[in-house]
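Take a look at the structure below.
Just so you know, residue 1 is the first one in the sequence shown, and it goes up from there. Bear in mind that the values here come from a model prediction, so they are computed numbers and not experimental data.
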Amino acid sequence: MSDADIHFYFDPVCPFAWMTSKWVRLVAAQREFRVDWRFISLRLINAHVDYDVHFPPEYEAGHTSGLRLLRVAARVRAEHGREAVDPLYRALGAWIFETTPDADNTAGPEQQGTRAFLEPILARAGLPVQVADALDDPSLDALIQAETDEALRLTGRDVGTPIIHFQPPNGVAFFGPVISRLPGEEDALRLWDHVVGLASFPGFAELKRSLRELPQLPGLGVAPDEVGVEQDWHGGSRRTKR
C-alpha cells in the first residue's frame, strides 16, 4: 500500500500525461508532496474500440507500445519497489518527449515498445536490462487492468490520462488537467490550488474545452518558448468523430 499524498495514474506514451506530470513534480517539490506513480493503459481503455474509425493511424501502435512499457514498469515496481517507478517514468518521458524529432534516439510509436528502444532508457534510470523481458509478458496485463479500473472508478470511464487522486483514499480525484504549457513555480501552485479547489466541490462534474494546443515538448516539434498548433479533440483523439 502507498502512503503518498498523490496517486498519479499515467500511460508513458501520452504527451499530455507527461506534461501534467512535469507540473505535478513542480508542485510536489514545493509542497513536499509524495507521489505514487500508478498505471493506466490507453490500450486497455480502448480495448473494444475500432481504432481505424476513431483514431489517427499511429494511435493503435502507440497505445500498444504504452501497454508494453507499463508491463516493464509493473515488473520494476514488483522487483525494485514503488519508488523505482519514478526514475523509470522520468527516463521514458525524457527520451520520448524531450528530444527533438531529428535526434538519433527518437523512434516512432511502434519502436517505443521494443527492447532496442527500452534498453538505453533502463540504463539511464539505473535499472537492470533484464526487466525488459516484461515487454512480452502478457501475464502482467491483469495487474495493469486492475489499476486502470481503479483509476476509472475514481472519475468515471469517459476520460483519458492522466488521472490524479489527491489525498487518497478519501480525497478528490480528477482527469487531467490537460495542459500544453509548463507553468513556472508560482503559477504551478496557483493552478494546483484552483484545480483542487474546483474538484473538491461535491457538485462539480466537468469543465472542458476540446481545443488543445500541441504540448510544448521538443519530441512533438514544439520548443518551450513556442505555442503549439491548436487542434480540436474528440473522445481522446485529434480526429473528429465520424
Measure the [atom1]-[atom2] distance between [X] and [Y] for me, rounded to the nearest 0.5 Å.
X	Y	atom1	atom2	answer
D187	H194	CG	NE2	9.0 Å
D11	H63	CG	NE2	7.0 Å
R43	I144	CZ	CD1	13.0 Å
I121	L92	CD1	CG	5.0 Å
R157	L152	CZ	CG	5.0 Å
S41	N46	OG	CG	8.5 Å

Whichever hydrophobic residues join [X] through chains of side-chain contacts under 4.5 Å:
X	value
V129	none
F201	L198, F204, L207
V229	none

With a 4.5 Å heavy-atom cut-off, do [X] and [Y] have their side chains touching?
X	Y	answer
F16	W233	yes
I40	I45	yes
R71	P138	yes
T20	I179	yes
Q111	S65	no
L217	V222	no
W23	L191	yes
L220	P215	yes

**Item:** Stepwise side-chain contact (heavy atoms from CB on, under 4.5 Å) check, E150 with Y9
**Value:** CA-CA 10 Å; E150 173 185 291; Y9 297 84; 2.4 Å; yes
**Request:** Tell me, please, which residues at least two apart from D136 pass side-chain hydrogen bond (donor to acceptor under 3.5 Å, both in side chains).
**Result:**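 Testing D136 for side-chain hydrogen bond (donor to acceptor under 3.5 Å, both in side chains), a comparison that skips the adjacent residues, returns R68.
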**Request:** Apply the test side-chain contact (heavy atoms from CB on, under 4.5 Å) to residues L42 and C14: give CA-CA distance (whole Å), side-chain angles for both, the deciding distance (0.1 Å), then the verdict.
**Result:** CA-CA 8 Å; L42 289 168; C14 177; 4.1 Å; yes
**Prompt:** Could you go step by step and tell me if T114 and L135 meet the side-chain contact (heavy atoms from CB on, under 4.5 Å) rule?
**Reply:** CA-CA 7 Å; T114 65; L135 286 167; 5.7 Å; no
Flag, side chain of [X] to backbone of [Y], donor-acceptor distance under 3.5 Å:
X	Y	result
T99	G219	no
H7	V35	no
Q112	G66	no
R34	D3	yes

**Item:** Pair W18-E98, side-chain donor/acceptor within less than 3.5 Å
**Value:** yes
Is [X] salt-bridged to [Y], going by a charged N under 4.0 Å from an acidic O?
X	Y	value
R181	E213	yes
D36	R38	yes
D232	R212	no
R153	D149	no
R77	D86	no

At their closest point, which heavy atom of [X] faces which heavy atom of [Y], and how far apart are they?
X	Y	value
I96	P12	CD1-O, 3.8 Å
H165	V172	CD2-O, 3.3 Å
A17	P162	CA-CD, 3.6 Å
V159	I163	CG2-CD1, 3.8 Å
V76	A84	CG1-CB, 3.6 Å

**Request:** Not counting sequence neighbours, which residues clear side-chain contact (heavy atoms from CB on, under 4.5 Å) with E185? List them please.
**Result:** L26, Q30
**Asked** Given the rule that I, L, V, M, F, W and Y join up when any side-chain heavy atoms are under 4.5 Å apart, are L122 and L140 in one cluster?
**Response**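 Unlinked, L122 and L140 end up in two clusters.
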**Message:** So for atom CD, which belongs to E226, do other residues, nucleotides or ligands contribute more than 12 heavy atoms lying within a distance under 6.0 Å?
**Reply:** yes
**Message:** For E230, is the CD atom crowded, meaning more than 12 foreign heavy atoms sit under 6.0 Å from it?
**Reply:**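 Buried by this count: over 12 neighbours within 6.0 Å.
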**Prompt:** Would F117 and W95 count as a side-chain contact (heavy atoms from CB on, under 4.5 Å) if you check the C-alpha gap in whole Å, the side-chain angles of each, and the deciding distance to 0.1 Å?
**Reply:** CA-CA 9 Å; F117 175 79; W95 208 272; 3.4 Å; yes
**Request:** Check the angle between the aromatic planes of Y51 and F55 and answer parallel, tilted or perpendicular using the 30° and 60° thresholds.
**Result:** tilted
**Request:** Using ring-ring contact (aromatic ring centres under 6.0 Å, His included) as the criterion, list what pairs up with F10, not counting sequence neighbours.
**Result:**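 Applying ring-ring contact (aromatic ring centres under 6.0 Å, His included) to F10 gives Y89.
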**Prompt:** Per the ring-ring contact (aromatic ring centres under 6.0 Å, His included) rule, which among W192, F8, F174 passes with F166?
**Reply:** W192
